[in-house]
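Beneath this line is the structure, given in structure tokens, with notes to follow.
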Amino acid sequence: EELLELAIARARRHDVGVAVMLIDIDDFKLVNDSLGHEAGDELIRRLAERLREATRETDLVARQGGDEFLLLLADLERTAASGLPDGAETPALIAESVVTRIQEALRTPFDIGGTEVYVTASIGIGLFPNHGQDALELMRNADTAMYRSKQAGPGGYLMYANVIEDFRGKLSMTTRLRKAVENQNWMLHYQPIIDLLEGKMVGVEALIRWNDPNGGLVPPGDFIPLAEEMGLIEVIGDWVVEEL
């Protein structure tokens with residue numbers, strides 16, 4: 001935290017960027033539970049070695065505790081990257097390239113006491129000044145990005161800016177979905193069920209579509225999981241039965 005504060009102070013003076021990456025080992029508890037805590041400790045040491053090998057000499061690798069590591073990338077040039085959308089800067093590209101090297105470094109299994117152990121890590125990235133103005137805010141936002149990455153599945157990474165976009169997108173979707181339930185903006189598409197031996201239609205499968213005034217037809221895979229999460233699925237199901 002002290003080194004991060006110093007890096008931020010330098011960044012303010014010299015108009016450079018800083019990246020903080022929070023790295024959490026996926027399913028680490030399985031190693032402790034199956035091979036014992038000594039094996040878990042050995043894996044942590046070996047992980048630290050690979051992280052050091054995958055990063056630049058100027059980067060700082062630290063263990064925050066348990067199976068979490070922190071990575072500090074300081075003094076990053078903030079020139080805009082050509083060919084990328086507005087706001088895409090070099091610090092983001094450098095952070096993503098480091099993530100790629102870390103993921104490559106973890107592809108090879110670890111030999112822990114004669115047992116091959118495959119490891120993946122979920123990584124969250126926070127950039128100064130884009131995602132935080134001090135060390136605590138930057139680390140907190142990198143932590144938020146890491147948890148969102150872990151929720152999406154093991155072995156991935158997420159930048160905090162994308163987390164904000166994800167939250168906003170979900171908020172918009174939940175608002176629109178509630179209005180769709182109120183206004184019953186649904187339609188059913190009927191897919192024939194064919195008896196292949198007789199060559200005749202023996203029934204149909206009813207497939208719901210959300211007729212979103214702002215986005216056209218939305219397939220069920222895009223809104224059913226959210227409807228379940230919001231407790232709206234029974235109301236939608238009732239409409240389907242009534243319509244059938």
Side-chain angles (χ1 to χ4, degrees), residues 1 4 17-32 40 43-44 46-48 50-56 59-74 76 81 84-85 87-110 117-174 221-223 225-226 228-229:
E1 289 176 9
L4 176 54
V18 176
V20 170
M21 299 165 58
L22 198 142
I23 304 165
D24 184 86
I25 307 307
D26 299 317
D27 298 320
F28 181 75
K29 188 173 182 292
L30 287 176
V31 176
N32 280 338
L43 179 57
I44 288 291
R46 302 276 291 281
L47 276 164
R50 288 205 191 173
L51 288 175
R52 282 200 297 266
E53 291 169 1
T55 51
R56 308 169 306 168
D59 299 332
L60 174 70
V61 180
R63 179 169 173 243
Q64 181 165 246
D67 59 347
E68 287 189 348
F69 291 87
L70 282 165
L71 183 58
L72 169 61
L73 284 63
L76 305 176
L84 290 173
E89 294 184 335
T90 305
L93 298 180
I94 294 173
E96 289 181 336
S97 71
V98 172
V99 167
T100 300
R101 290 203 298 272
I102 290 171
Q103 291 172 331
E104 286 294 328
L106 296 180
R107 290 192 197 283
T108 305
F110 295 85
V117 177
Y118 285 87
V119 169
T120 60
S122 297
I123 303 173
I125 306 170
L127 300 176
F128 172 85
N130 313 60
H131 310 144
Q133 295 298 310
D134 57 48
L136 290 179
E137 185 181 12
L138 209 54
M139 289 172 64
R140 182 174 65 247
N141 291 342
D143 189 54
T144 299
M146 183 276 293
Y147 273 107
R148 293 291 292 179
S149 172
K150 189 174 279 288
Q151 287 175 346
Y157 75 93
L158 200 58
M159 201 164 291
Y160 184 70
N162 297 332
V163 174
I164 297 301
E165 290 175 8
D166 187 34
F167 282 144
R168 288 173 179 163
K170 187 173 181 180
L171 179 61
S172 171
M173 178 74 100
T174 57
D222 290 353
F223 71 87
L226 183 58
E228 291 174 340
E229 184 182 322

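Here Asp26 contributes atom CG and Ile123 contributes atom CD1; the two are 9.0 Å apart, rounded to the nearest 0.5 Å. Rounding to the nearest 0.5 Å gives a distance of 8.0 Å between CD1 of Ile44 and CG of Asn32. Residue Thr174 holds its OG1 atom at 6.5 Å from CG of Leu226, rounded to the nearest 0.5 Å. In this structure, CG in Leu70 is found 10.5 Å from CE in Met21, a value given to the nearest 0.5 Å. Interatomic distance, Phe28 CZ to Glu68 CD, rounded to the nearest 0.5 Å: 11.5 Å. Taking CG of Leu4 as the reference point, atom CG of Leu73 lies at 11.0 Å (rounded to 0.5 Å).
The two atoms that bring Ile23 and Ala121 nearest to each other are CG2-CB, 3.7 Å, heavy atoms only. Nearest heavy-atom pair, Tyr160 versus Asn141, reported as atom, atom and distance to 0.1 Å: CD1-O, 3.2 Å. Residues Ala48 and Phe69 come closest through the heavy atom pair CB-CE2, 4.0 Å. In this structure, Gly155 and Ser122 approach most closely via the heavy-atom pair N-OG, 4.0 Å. Shown here for Leu138 and Gly126, the closest heavy-atom pair between the two residues is CD1-C, 3.9 Å. The two atoms that bring Asp59 and Arg56 nearest to each other are OD1-NH2, 2.7 Å, heavy atoms only.
For Phe223, the ring pair (Phe, Tyr, Trp, His ring centres under 6.0 Å) test picks out Trp186, Trp210, with sequence neighbours left out. Considering only residues two or more places apart in sequence or on other chains, Arg101 meets the salt bridge (charged side-chain N to carboxylate O under 4.0 Å, His left out) condition with none of them. Not counting sequence neighbours, the partners of Leu60 by the side-chain contact (heavy atoms from CB on, under 4.5 Å) test are Leu3, Leu72. By the side chain to side chain donor-acceptor pair (under 3.5 Å) test, Ser149 pairs with no residue at all, sequence neighbours left out. Legend: residues meeting side chain to side chain donor-acceptor pair (under 3.5 Å) with Asp67, ordered by chain and number and at least two apart, are absent. Judged as a side chain to side chain donor-acceptor pair (under 3.5 Å), and not counting sequence neighbours, the contacts of Asp24 are Lys150. Not counting sequence neighbours, Pro225 has no partner by the side-chain contact (heavy atoms from CB on, under 4.5 Å) test. Under the rule for a side-chain contact (heavy atoms from CB on, under 4.5 Å), the partners of Asp27 that lie at least two apart in sequence or sit in another chain are Leu30. Applying the salt bridge (charged side-chain N to carboxylate O under 4.0 Å, His left out) criterion to Arg63, with sequence neighbours excluded, gives no partner residue. For Thr108, the side-chain contact (heavy atoms from CB on, under 4.5 Å) partners are Arg50, not counting sequence neighbours. For the side chain to side chain donor-acceptor pair (under 3.5 Å) test, no residue two or more places apart in sequence or in another chain qualifies with Gln103. By the salt bridge (charged side-chain N to carboxylate O under 4.0 Å, His left out) test, Asp143 pairs with no residue at all, sequence neighbours left out.
Residue Glu1 qualifies as open at atom CD: its count of foreign heavy atoms under 6.0 Å is 12 or below.
Residues Leu47 and Leu106 form a side-chain contact, since some pair of their non-hydrogen atoms from C-beta on lies under 4.5 Å apart. Between Leu51 and Leu71, the closest side-chain pair of non-hydrogen atoms is not below 4.5 Å.
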- Message: Using the rule given for side-chain contact (heavy atoms from CB on, under 4.5 Å), can you reason through Met139 versus Leu22, listing the C-alpha separation, both sets of side-chain angles and the distance that settles it, and then say yes or no?
- Response: CA-CA 8 Å; Met139 289 172 64; Leu22 198 142; 6.0 Å; no
- Query: Yes or no on side-chain contact (heavy atoms from CB on, under 4.5 Å) for Val31 and Ile25, after CA distance, side-chain angles and deciding distance?
  - Reply: CA-CA 11 Å; Val31 176; Ile25 307 307; over 6 Å; no
